[in-house]
Student: 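Supplied in structure tokens, the structure appears directly below.
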Amino acid sequence: MNTIALIGAQWGDEGKGKYIDILASSADYVVRATGGSNAGHTVVRGDKAYKLHLIPSGILYPDTVNIIGNGVVLDPQMVLAEMDELAAMGVKFDNLLIDLRAHIVLPYHKEFDELAEIAKGVNAIGTTKRGIGPCYADKCDRIGIRLVDLLDENTFAQKLKQNLQLKNKIITAVYGGKPLDYDEIYTEYCGYAKRLQPFARDTGALLYDAVKADKRVVFEGAQGTLLDLDSGTYPFVTSSHPITGGFCAGAGVGPTAIKECLGIAKSYTTRVGAGPFPTELDDEVGNHLRDVGHEYGVTTGRARRCGWLDTVILRLAVRINGLTALAINKLDPLTGLKTIKVAVGYELNGKILKDFPADISILERCTPIYEEFEGWTEDITACRRFEDLPKAAQRYVLAIEKLVDCPVTMIGVGPDKEQNIVR
Ligand code: IMP
């Protein structure tokens with residue numbers, strides 16, 4: 001079997017785009033299965049930077065089939081705008097397929113995302129305001145509108161009417177907002193339906209055949225393990241399952257269809273949005289990592305919170321994703337730091353925690369237990385073999401491998417696809 005899943009091992013923004021691009025270059029199929037337009041990464045080709053949110057990264061390879069699976073929440077306006085932007089850069093969409101079961105993000109989902117965040121006040125999650133949570137909530141409530149529904153004008157009209165009646169009551173009576181107009185949404189979305197029609201398919205069946213035929217399938221992760229609805233820092237999480245298991249439900253494949261699982265972690269930790277972050281650095285080291293690592297979101301432009309690497313998190317990622325290998329990305333921003341710290345456990349009231357706790361109030365109160373490593377000053381961005389790295393950098397990577405019990409097979413030393421060491 002020739003299949004690989006690529007997963008964010010931290011809170012997202014691990015630089016997965018670069019590794020997806022590396023894997024996509026030899027893929028027959030690239031599949032997105034979770035999340036929506038809350039995701040974002042940039043793929044650089046020569047002097048062109050392609051910004052991707054919903055479209056799978058294999059789109060830049062004309063022979064690769066790109067699938068948006070049933071587990072994705074699809075914002076038609078966003079995906080079509082993204083396609084228009086990419087088309088203007090010469091990208092073709094002959095090989096794009098969108099699953100009929102994918103749920104559609106509607107204007108009331110985005111409205112609810114905004115209003116619910118405001119209502120939460122100091123407890124706001126810091127969402128991307130893309131309507132992700134409300135769309136998944138409707139899916140679970142079994143009132144969602146799927147692509148297959150959108151493509152049938154009568155079904156769409158009936159479902160939209162029914163939903164909007166309820167949503168408008170909540171918007172006006174609960175949140176004191178303005179009701180949304182049925183005709184406006186109906187007309188706008190019927191226009192989107194016409195444009196999306198050619199891409200709509202039952203992609204699960206197609207993927208089954210692809211796996212059977214030993215095609216190279218890359219499952220492209222979005223967000224990261226700690227944002228998982230079940231295993232992450234709930235409630236400061238996203239509303240999907242950005243873990244290996246999420247690919248099964250979200251792409252309609254069985255677990256045995258995924259042979260390898262590559263986790264991507266940065267050599268330090270970042271997070272956007274609210275929620276506990278034990279190794280966060282509110283000092284000049286944190287500022288250094290943000291500046292040198294360009295830690296600002298592709299989707300929202302928000303500055304990311306930065307901190308030391310946390311192996312408690314990575315052990316969780318290895319465990320729940322069944323990682324077979326780990327890529328340590330962005331080793332280069334650590335260059336120049338005299339000492340580098342790594343959290344190996346947490347301490348709370350004299351007790352040592354080795355595993356990631358279920359209760360986030362523990363995370364807020366615990367103190368990380370750090371191991372310290374000697375830094376390096378040499379520029380590592382031109383290193384292409386492990387042996388080329390300064391000895392201190394080699395020791396750092398080997399220590400991570402041991403602490404998380406997973407082989408580190410790739411190391412990123414710069415933003416370009418070529419700035420990567422394979423072990
Ligand atoms: P939502 O996914 O927009 O509902 O946001 C929920 C949480 O997930 C917030 O803390 C977001 O900042 C975070 N989040 C969602 N997508 C991403 C991502 O692609 N990278 C990093 N954080 C994300």
Side-chain angles (χ1 to χ4, degrees), residues 6-20 32-43 51-57 71-75 78 82 103 105-106 108-120 122-140 220-243 246 250 263-266 268-277 280 290 293-307 313 317 329-330 360 363-364:
L6 192 142
I7 291 283
Q10 293 159 319
W11 272 292
D13 308 318
E14 297 88 355
K16 293 182 288 295
K18 179 170 116 182
Y19 292 92
I20 295 161
R32 268 288 303 272
T34 60
S37 56
N38 49 350
H41 60 255
T42 308
V43 177
K51 288 203 163 61
L52 301 172
H53 297 280
L54 270 156
I55 300 291
S57 301
V72 168
V73 285
L74 187 84
D75 183 331
M78 297 289 287
E82 186 179 336
H103 278 249
V105 175
L106 285 131
Y108 51 78
H109 294 131
K110 291 190 239 187
E111 186 80 7
F112 270 60
D113 207 350
E114 283 279 348
L115 295 171
E117 281 286 271
I118 294 168
K120 283 185 182 129
V122 289
N123 296 319
I125 290 163
T127 72
T128 58
K129 312 253 175 75
R130 301 291 152 103
I132 306 296
C135 187
Y136 278 118
D138 278 1
K139 176 178 178 172
C140 290
E220 170 178 344
Q223 286 85 42
T225 301
L226 269 290
L227 290 172
D228 180 74
L229 186 57
D230 276 79
S231 302
T233 42
Y234 189 90
F236 298 99
V237 291
T238 191
S239 301
S240 66
H241 292 291
I243 56 174
I264 314 295
K266 271 192 285 220
Y268 50 96
T269 312
T270 63
R271 155 159 226 187
V272 283
F277 179 177
E280 184 167 11
R290 188 174 307 106
H294 309 291
E295 297 297 352
Y296 298 89
V298 174
T299 297
T300 59
R302 289 183 288 179
R304 297 174 185 147
R305 300 154 66 191
C306 297
I313 286 174
N329 193 25
K330 288 187 140 182
I360 59 159
L363 273 186
E364 274 155 4

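As the structure lists them, so they are numbered: ligands from 1, and atoms in each ligand from 1.
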Student: Does Leu226 offer a backbone N or O that forms a donor-acceptor pair with the side chain of Gln10 under 3.5 Å?
Tutor: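 No: the side chain of Gln10 does not pair with the backbone of Leu226.
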Student: Would the distance check show the side chain of Glu82 and the main-chain N or O of His53 forming a donor-acceptor pair, the cut-off being under 3.5 Å?
Tutor: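 Yes.
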Student: So, are Arg130 and Asp75 salt-bridged, with charged N and O less than 4.0 Å apart?
Tutor: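 Salt bridge flag = no for Asp75 with Arg130.
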Student: For the atom pair CD (Glu364) and CD1 (Ile360), what is the distance rounded to the nearest 0.5 Å?
Tutor: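 With rounding to 0.5 Å, CD (Glu364) is 5.0 Å from CD1 (Ile360).
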Student: So, does Arg290 use its side chain to make a donor-acceptor pair with the main chain of Arg304 at under 3.5 Å?
Tutor: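 It does hold such a pair.
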Student: Is Ile132 close to Ser240 at the side-chain level, that is, under 4.5 Å between some pair of heavy atoms?
Tutor: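 Not in contact.
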Student: Can you list, by chain and residue number, every protein residue with a non-hydrogen atom closer than 4.0 Å to ligand 1?
Tutor: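 Its neighbours under 4.0 Å (heavy atoms only) are Trp11, Asp13, Asn38, Ala39, Ile125, Gly126, Thr127, Thr128, Gln223, Leu227, Val237, Thr238, Val272, Gly273, Arg302, given by chain and number.
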